[in-house]
Amino acid sequence: MSVASPDIEPAAPAEKTVFAAELFPHRSLTPGGFALLMGVFAAICAGNAVFYFALGAWPVAIFMIVDVFILYLAIRLSFRAGRAREQVTVTRSDVHIRKIAPNGRHQDHHYNPFWARFHIDRHSEIGITAMRLTGQGRATSIGTFLNPDDRESFATAFSQALATARR
């Protein structure tokens, strides 16, 4: 049998979510595409390495093998960076931004929607270049890895959600 302590308040009912979004970077190369790309690139480099080795230019052959390794490493790092996420949630009493790094660590940022201000930096040719939420003496950037079209749609939806939360 459990007894509630008199100095502990009962949990408040869950507040209605006005807006929720998960932002993540776009990666156009699928794992299957990665395997195909590496296979074709390795085959071309291996053919060139054999050719140059037969000509007696063995250092060129070594650089061909190093090229395959460098490409593999670069794409794997890109896939790793693609695991970054941002979760944005708006309720009537809280704007919660959770930034999740590729290694799984996260940072939480909370703002009062009545005091928070959403700032958008625009360039005449590119569109939105940066978005940030400010309030209570601090600022949090949002969607730094999004492309311009995704920034536009997020900015519109997030601005409307903030306006709704304030009403």
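Quick note: residue numbers are just sequence positions, from 1. No experiment lies behind these values; they were computed from the predicted model shown.
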**Request:** Enumerate the residue pairs fulfilling side chain to side chain donor-acceptor pair (under 3.5 Å) with a member in residues 27-43, sequence neighbours excluded, ordered by first and then second residue.
**Result:**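 Listed once each, the pairs are Arg27-Ser78.
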If you compare all heavy atoms of [X] against all heavy atoms of [Y], which two are closest, and at what distance to 0.1 Å?
{"X": "Val68", "Y": "Ala42", "result": "CG2-CA, 3.9 Å"}
{"X": "Ala81", "Y": "Pro25", "result": "O-CG, 3.9 Å"}
{"X": "Ala165", "Y": "Val90", "result": "CB-CG1, 3.8 Å"}
{"X": "Pro113", "Y": "Asp94", "result": "CD-N, 3.5 Å"}

[atom1]-[atom2] distance between [X] and [Y], expressed to the nearest 0.5 angstrom:
{"X": "Asn147", "Y": "Glu152", "atom1": "CG", "atom2": "CD", "value": "10.5 Å"}
{"X": "Trp115", "Y": "Arg166", "atom1": "CH2", "atom2": "CZ", "value": "11.0 Å"}
{"X": "Arg83", "Y": "Ile100", "atom1": "CZ", "atom2": "CD1", "value": "12.0 Å"}
{"X": "Arg151", "Y": "Phe145", "atom1": "CZ", "atom2": "CZ", "value": "9.5 Å"}
{"X": "Arg167", "Y": "Phe114", "atom1": "CZ", "atom2": "CZ", "value": "11.0 Å"}
{"X": "Leu73", "Y": "Leu71", "atom1": "CG", "atom2": "CG", "value": "9.5 Å"}

**Asked** Is Met64 linked to Leu55 within one hydrophobic cluster, defined over Ile, Leu, Val, Met, Phe, Trp and Tyr using a side-chain heavy-atom separation of less than 4.5 Å?
**Response**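 Per the 4.5 Å side-chain linkage, Met64 and Leu55 are co-clustered.
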**Prompt:** Going hydrophobic residue to hydrophobic residue with side-chain gaps under 4.5 angstrom, can you get from Phe63 over to Phe51?
**Reply:**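 The answer is no; the residues belong to distinct hydrophobic clusters.
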Checking the side chain of [X] only, and the main-chain atoms of [Y] only, is there a donor and an acceptor separated by less than 3.5 Å?
{"X": "Arg98", "Y": "His106", "result": "no"}
{"X": "Arg105", "Y": "Pro102", "result": "no"}
{"X": "Lys99", "Y": "Ser141", "result": "yes"}
{"X": "Glu86", "Y": "Leu23", "result": "no"}
{"X": "Glu15", "Y": "Ser93", "result": "yes"}
{"X": "Thr91", "Y": "Thr17", "result": "no"}
{"X": "Ser159", "Y": "Thr156", "result": "no"}

Do [X] and [Y] touch side chain to side chain, with heavy atoms closer than 4.5 Å?
{"X": "Thr89", "Y": "Phe19", "result": "no"}
{"X": "Ile75", "Y": "Leu37", "result": "yes"}
{"X": "Arg80", "Y": "Asn103", "result": "yes"}
{"X": "Ile97", "Y": "Ile142", "result": "yes"}
{"X": "Leu162", "Y": "Val95", "result": "yes"}

**Prompt:** Could you go step by step and tell me if Val60 and Phe53 meet the side-chain contact (heavy atoms from CB on, under 4.5 Å) rule?
**Reply:** CA-CA 7 Å; Val60 176; Phe53 189 78; over 6 Å; no
**Message:** Would you say CZ of Phe79 has more than 12 non-hydrogen atoms from neighbouring residues, nucleotides or ligands within 6.0 angstrom?
**Reply:**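 Result for CZ/Phe79: enclosed.
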**Asked** Hey, are Asp121 and Arg132 close enough for a salt bridge, meaning a charged N less than 4.0 Å from a carboxylate O?
**Response**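 Yes, charged N to carboxylate O under 4.0 Å.
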**Prompt:** Could you go step by step and tell me if Tyr72 and Phe34 meet the ring-ring contact (aromatic ring centres under 6.0 Å, His included) rule?
**Reply:** CA-CA 9 Å; Tyr72 173 81; Phe34 171 66; 5.7 Å; yes
**Item:** Between Tyr111 and Thr134, a side-chain donor and acceptor under 3.5 Å
**Value:**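 Judged by distance alone, the side chains do not pair up.
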**Request:** Please work out which of the three classes, parallel, tilted or perpendicular, describes the rings of His96 and His110, given edges at 30° and 60°.
**Result:**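 The arrangement is parallel - the two ring planes meet at less than 30°.
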**Request:** Test side-chain contact (heavy atoms from CB on, under 4.5 Å) on Phe158 and Leu133 and set out the steps.
**Result:** CA-CA 11 Å; Phe158 187 68; Leu133 194 64; 4.0 Å; yes
